Number of protein chains: 2
Amino acid sequence: MTADPLSRVFSALADPTRRDMVARLAVADATVNELAEPYDVTVQAVSKHLKVLEDAGLVSRSREAQRRPVRLEAEVFDLMTKWIERYRRQAEERYSRLDGLLATMPDDIGTNPPPQPPQTGAPT
Amino acid sequence: MTADPLSRVFSALADPTRRDMVARLAVADATVNELAEPYDVTVQAVSKHLKVLEDAGLVSRSREAQRRPVRLEAEVFDLMTKWIERYRRQAEERYSRLDGLLATMPDDIGTNPPPQPPQTGAPT
DNA sequence: CCTATAATCAACCGCATGGTTGATTAAGGA
DNA sequence: TCCTTAATCAACCATGCGGTTGATTATAGG
């Protein structure tokens, strides 16, 4: 929970069960018990998964009587998409530039924001 | 390493140091020692990070004398992008549909591919 | 052949993570 | 009020992961 937002999102989606929950929540909101039903684990385990997704900003919970319906939040997806697209594009550009020749680059580019320890600023 | 491809990629990018390596490799290929230089960890640790990225299909290593230059592979990015876009779109559609009303959906949709254990097929 | 350099392998350590069981809190309904 | 249902909290356990140090494998070069 102390990690940066991007790490939290990627980390949250690194688990197949959590990805499946996201897939199901994209179709309809659901309660914890409903979400837990198809899986072979306890409700508590699912509750923990949900907390991970929530900390990552992927879902939110409201209150409605004693149930707490979970809903998917779409905004945070953009965070990932932006990061991915940025480097995918760069990588592809390098390819099409027959890069090999230009391997000796500006030389002050590998001196990026090095995340010494975990880092917190910049798009990383 | 026994995990499915999507889990491997998301998991690989959940670490800020590995994301920074990807960012730097998007600019230029590099050797393990070059990559390790800006970080405050041993070369062995960086070598491990590289293995994670390699297992995820994000980088490849060739051989050139005794050094093994690392290059970024762009293809696997699409895997993530497709997954993300699919569910982001679904989520946004639900929003614009003033979903609340249609909460009682087709009813055979939460019955997706439930990943009982880890799962291996389908786009997940 | 011997040595220096690039990188990995191997064993180990501390901590986070996914899972469990058992107890607790919150809200409705009889 | 008492009981049932929904969900979380708490403690615990095994495994995985990021990191370390130390040894080992390749290749280049004197």
Side-chain angles (χ1 to χ4, degrees), chain A residues 1-4 6-22 25 29-56 58-71 114-119 124, chain B residues 1-4 7-22 25 29-56 58-71 114-119:
Chain A
M1 228 233 276
T2 54
D4 60 290
L6 253 183
S7 295
R8 280 202 293 265
V9 183
F10 278 124
S11 186
L13 294 179
D15 184 282
T17 301
R18 283 193 297 256
R19 279 201 309 280
D20 189 68
M21 290 196 235
V22 167
L25 288 168
D29 294 357
T31 66
V32 176
N33 276 293
E34 282 164 5
L35 281 170
E37 192 269 322
Y39 311 126
D40 197 10
V41 298
T42 62
V43 180
Q44 287 95 319
V46 173
S47 187
K48 281 191 185 181
H49 279 305
L50 239 6
K51 185 162 193 328
V52 174
L53 291 173
E54 192 176 27
D55 289 343
L58 282 160
V59 306
S60 64
R61 280 128 136 180
S62 50
R63 177 166 271 279
E64 177 185 295
Q66 71 269 65
R67 40 196 73 74
R68 299 168 189 61
V70 182
R71 83 154 25 209
Q116 233 60 312
Q119 234 187 341
T124 312
Chain B
M1 228 233 276
T2 53
D4 61 290
S7 295
R8 280 200 294 265
V9 184
F10 278 124
S11 185
L13 294 180
D15 183 283
T17 301
R18 283 194 296 258
R19 279 201 308 279
D20 190 69
M21 290 196 234
V22 168
L25 288 168
D29 294 356
T31 66
V32 177
N33 277 291
E34 283 164 2
L35 281 170
E37 193 270 323
Y39 309 127
D40 195 11
V41 297
T42 63
V43 180
Q44 287 95 319
V46 172
S47 187
K48 280 192 187 181
H49 279 306
L50 240 5
K51 186 159 193 326
V52 173
L53 290 173
E54 191 176 27
D55 290 342
L58 282 160
V59 305
S60 64
R61 280 127 136 181
S62 51
R63 175 166 273 278
E64 178 186 294
Q66 70 269 66
R67 43 196 71 74
R68 296 168 190 62
V70 182
R71 85 152 24 210
Q116 232 61 314
Q119 234 187 341

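This structure is a prediction, so every number in the text was calculated from the model and none was measured. All chains are named by letter (A, B, ...) in the order of the sequence lines, taking the proteins before the strands, and each is independently numbered beginning at 1.
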Donor-acceptor contact below 3.5 Å, side chain A/Glu34 vs main chain A/Thr31:
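Pair found, side chain donor or acceptor close to backbone of A/Thr31.
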Between [atom2] of [N] and [atom1] of [X], the distance in whole Å:
| X | N | atom1 | atom2 | value |
| --- | --- | --- | --- | --- |
| A/Leu35 | D/dA7 | CG | P | 9 Å |
| B/Leu53 | D/dG18 | CG | C1' | 13 Å |
| B/Arg68 | C/dT5 | CZ | C1' | 11 Å |
| A/Lys51 | C/dG18 | NZ | C1' | 15 Å |
| B/Glu37 | C/dA6 | CD | C1' | 16 Å |
| A/Lys48 | C/dT17 | NZ | C1' | 8 Å |
| B/Gln44 | D/dT20 | CD | P | 8 Å |
| B/Asp55 | D/dG18 | CG | P | 12 Å |

Kindly say if [X] contacts the phosphate of [N], meaning a side-chain N or O under 4.0 Å from OP1 or OP2.
| X | N | value |
| --- | --- | --- |
| A/Asn33 | D/dA7 | yes |
| B/Arg63 | D/dT27 | yes |
| A/Thr17 | C/dG18 | no |
| B/His49 | D/dG19 | yes |
| B/Ser47 | C/dT8 | yes |
| B/Thr42 | D/dT20 | yes |
| B/Arg18 | D/dG18 | yes |

Can you tell me which nucleotide in C/dT8, D/dA7, C/dA7 comes closest to the side chain of B/Arg61?
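Output: C/dT8.
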Which nucleotide wins on minimum distance to the side chain of A/Ala65, given the candidates C/dA27, C/dA7, C/dG19?
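Nucleotide nearest to A/Ala65's side chain: C/dA27.
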Would you call B/Val70 and B/Asp29 a side-chain contact if the rule is heavy atoms closer than 4.5 Å?
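Side chain of B/Val70 against side chain of B/Asp29, heavy atoms only: no contact under 4.5 Å found.
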NZ-CZ distance between A/Lys51 and A/Arg61, expressed to the nearest 0.5 angstrom
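Interatomic distance, A/Lys51 NZ to A/Arg61 CZ, rounded to 0.5 Å: 8.0 Å.
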Take A/Arg19 and A/Asp15, measure what salt bridge (Lys or Arg N to Asp or Glu O under 4.0 Å) needs, and give me the verdict at the end.
CA-CA 6 Å; A/Arg19 279 201 309 280; A/Asp15 184 282; over 6 Å; no
Regarding A/Ser7 and A/Asp4, do their side chains bring together a donor and an acceptor under 3.5 Å, going by distance alone?
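Yes - a donor-acceptor pair under 3.5 Å links their side chains.
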DNA chain D: 5'-proximal contact among B/Val52 and A/Glu34 (nearest heavy atom)
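Upstream on the strand: A/Glu34.
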